[in-house]
Each structure stands twice: as structure tokens, then as C-alpha cells.
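What follows is a short report on a single structure.
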Amino acid sequence: MKRRFVVLMPFDVFRSDVSLVKRIVVSALFTSHDIRRDVVLVFLLHDIDVKVTVLGEKAKHVHVDEASYMGIHRRVLSAVEEVKASGQKKFPHWGFTVEKAKGDARDLQGYLVSTRGRDILEVLRSGIEDITLVFSEKGDLQGLESVRISRGKKPVDVLIALANIWIDNYA
């Protein structure tokens, strides 16, 4: 099953909280021994209208430690600044793309992850072929059905890890 994770995040958080961003990337992309090839991870930096996309099928040389990820993150941040200025798509690292979002926050489709809504297991058993899960601190995106991965409030990286476990085991 193809899985797409969309994380709505302000640019200041994306720029300053490298540890969180790295944990999200690791939770979305990695299995115990390899990179998940069926994953698309999108950071939607809604306040500057830029998106950073990570394609599991093209990602290379991404490591789980923060020191290694820091170099990738610096290149991504540089590409974000260039995209903000020029509007041209950039490819800062294998599998990473930075481009203008073109109103993507308003056009999101998929399931909004929250502590309420349909259980993820019910959604997975409904026969869907691909799944898009949207993570937002705002929690109120119109037009998206809510899905529950956990009953309690958890960080985004933990929710993505839990979603991957559910998808791996029940899809």
C-alpha cells in the first residue's frame, strides 16, 4: 500500500527544530533495516507556501542519526530560501524536492489524524489502495475526515511510526 504523510508545519518550526524534523523523516521512511520505498512524506510549510517532499523510492544516503541528517537539513533549508526567492523547484538531496506549494493546504485530500474520528483499522479494512494521512496542530481542516491512530495526544513522529505499524500489519 502506498502511504503519503502530509505534515503541516510553520517554517520557523521546520527551520529550528531539526530534531523533530529528523524524527519525522526517520519515522516515515525507515524500517528496521532499510528505507520504505512506498512512502511519500510532505512537509507543507503553510506560512511561506513552500513544500518539501521526500520520496522513499528515490531517497539515498539518509541516516537515522541527527549529525548525519543535519547536513541534509542545511541543504534543504538553503533550497527553501531559493524557492521562496525564485519560485523554481530545487532538488537538494536524493529523493528530496523543494517547491512552491501552490495552495496545497487548501486542496488537501486524505484523512486528518486526530484523537477522535474513525479508527485507523476500520479505514484500512475498508479496501483502500493508498492512504494519505494529514498531521496538523490546527486540527481543523475542512473537508477531511478524521481518523484516530492513538487515543492520546502524541508527537507527530510517534503517530507516523504507529501509522506505519498499522499499515504494515493490516493493509
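Side chains included, hydrogens not; waters and symmetry mates left out as well; all remaining heavy atoms used.
In this structure, Asp157 pairs ionically with Arg23, as a charged nitrogen and a carboxylate oxygen lie closer than 4.0 Å. Under the 4.0 Å criterion applied to side-chain N and carboxylate O atoms, Arg3 and Asp38 are assigned as salt-bridge partners. For the pair Asp168 and Arg36, the salt-bridge criterion is met [side-chain N within less than 4.0 Å of a carboxylate O].
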message: Run the side-chain contact (heavy atoms from CB on, under 4.5 Å) test on Glu82 and Lys89 for me, step by step, so that the C-alpha distance in whole Å, both residues' side-chain angles and the decisive distance to 0.1 Å come before the verdict.
response: CA-CA 9 Å; Glu82 289 178 41; Lys89 185 186 281 192; over 6 Å; no
field: Stepwise side-chain contact (heavy atoms from CB on, under 4.5 Å) test for Phe14 and Phe43
entry: CA-CA 8 Å; Phe14 185 81; Phe43 288 98; 3.7 Å; yes
task: Report the C-alpha distance between Thr97 and Val52 in whole Å, list the side-chain angles of each, state the deciding distance to 0.1 Å, and finish with yes or no for side-chain contact (heavy atoms from CB on, under 4.5 Å).
output: CA-CA 6 Å; Thr97 305; Val52 177; over 6 Å; no
Test log, rule side-chain contact (heavy atoms from CB on, under 4.5 Å), inputs Val13 and Glu137: CA-CA 12 Å; Val13 174; Glu137 287 298 316; over 6 Å; no
message: The test is side chain to side chain donor-acceptor pair (under 3.5 Å); show your working for Ser78 and Arg74 and say whether it passes.
response: CA-CA 6 Å; Ser78 177; Arg74 277 195 297 268; over 6 Å; no
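In this structure the side chain of Met1 reaches within 4.5 angstrom of the side chain of Ile128, judged on heavy atoms. Looking at heavy atoms from C-beta onward, Leu29 lies in side-chain contact with Val54 at the 4.5 angstrom threshold. Side chains of Val147 and Asp119 form no contact here, defined as non-hydrogen atoms less than 4.5 Å apart. Under the 4.5 Å side-chain criterion, counting only non-hydrogen atoms from C-beta, Phe135 is in contact with Phe5. When side chains are defined from C-beta on, His73 does not count as touching Lys22, because their heavy atoms never get closer than 4.5 Å. Taking 4.5 Å as the limit, some side-chain heavy atom of Val40 sits within range of a side-chain heavy atom of Val42. A heavy-atom distance below 4.5 Å is found between the side chains of Leu133 and Ile120. A heavy-atom distance below 4.5 Å is not found between the side chains of Leu45 and Pro10.
Taken from CZ in Phe96 to CZ in Arg75, the straight-line distance is 9.0 Å, to the nearest 0.5 Å. The OG1 atom of Thr53 sits 10.0 Å away from the CZ atom of Phe91 when rounded to the nearest 0.5 Å. The distance from atom OH of Tyr170 to atom CG of Leu121, rounded to the nearest 0.5 Å, is 6.5 Å. To the nearest 0.5 angstrom, Ser68 atom OG is 12.0 Å from His61 atom NE2. Residue Lys154 holds its NZ atom at 10.5 Å from OG1 of Thr115, rounded to the nearest 0.5 Å. The distance from atom CG of Leu8 to atom NE2 of His46, rounded to the nearest 0.5 Å, is 5.5 Å.
Evaluated for a side-chain contact (heavy atoms from CB on, under 4.5 Å) with Val7, the options Val25, Val21, Leu44, Leu41 yield exactly one hit, Leu41.
When every heavy atom of Val83 is checked against every heavy atom of Glu99, the shortest pair comes out as CG1-C, 3.7 Å. Closest approach of Lys90 to Ala79, counting heavy atoms only: CB-CB, 3.8 Å. Nearest heavy-atom pair, Leu162 versus Ser150, reported as atom, atom and distance to 0.1 Å: CD1-CB, 4.2 Å. For Val76 against Pro92, the heavy-atom pair with the smallest separation is CG2-CG, 3.9 Å. Considering every non-hydrogen atom in both Ile24 and Met9, the closest pair reads CD1-CE, 3.9 Å.
Side-chain atoms of Arg148 do not come within 3.5 Å of backbone N or O of Arg118 as any donor-acceptor pair. When atom types are taken as modelled, the side chain of Asn164 and the backbone of Ser27 share a donor-acceptor pair closer than 3.5 angstrom. His93 places a side-chain N or O within donor-acceptor distance of the main-chain N or O of Lys60, the cut-off being under 3.5 Å. Distance alone, capped at 3.5 Å, is enough to place a donor-acceptor pair between the Asn169 side chain and the Ile165 backbone. Judged purely by atom type and a 3.5 angstrom limit, Arg37 uses its side chain to pair as donor or acceptor with the backbone of Ala59.
Note on Met70 and Val26: same hydrophobic cluster, where clusters join Ile, Leu, Val, Met, Phe, Trp and Tyr whose side-chain heavy atoms are under 4.5 Å apart, directly or indirectly. Each of Trp94 and Phe30 belongs to its own hydrophobic cluster when Ile, Leu, Val, Met, Phe, Trp and Tyr are linked at side-chain heavy-atom distances under 4.5 angstrom.
Remark: Glu145 CD is packed, more than 12 non-hydrogen atoms of other residues, nucleotides or ligands lying under 6.0 Å away.
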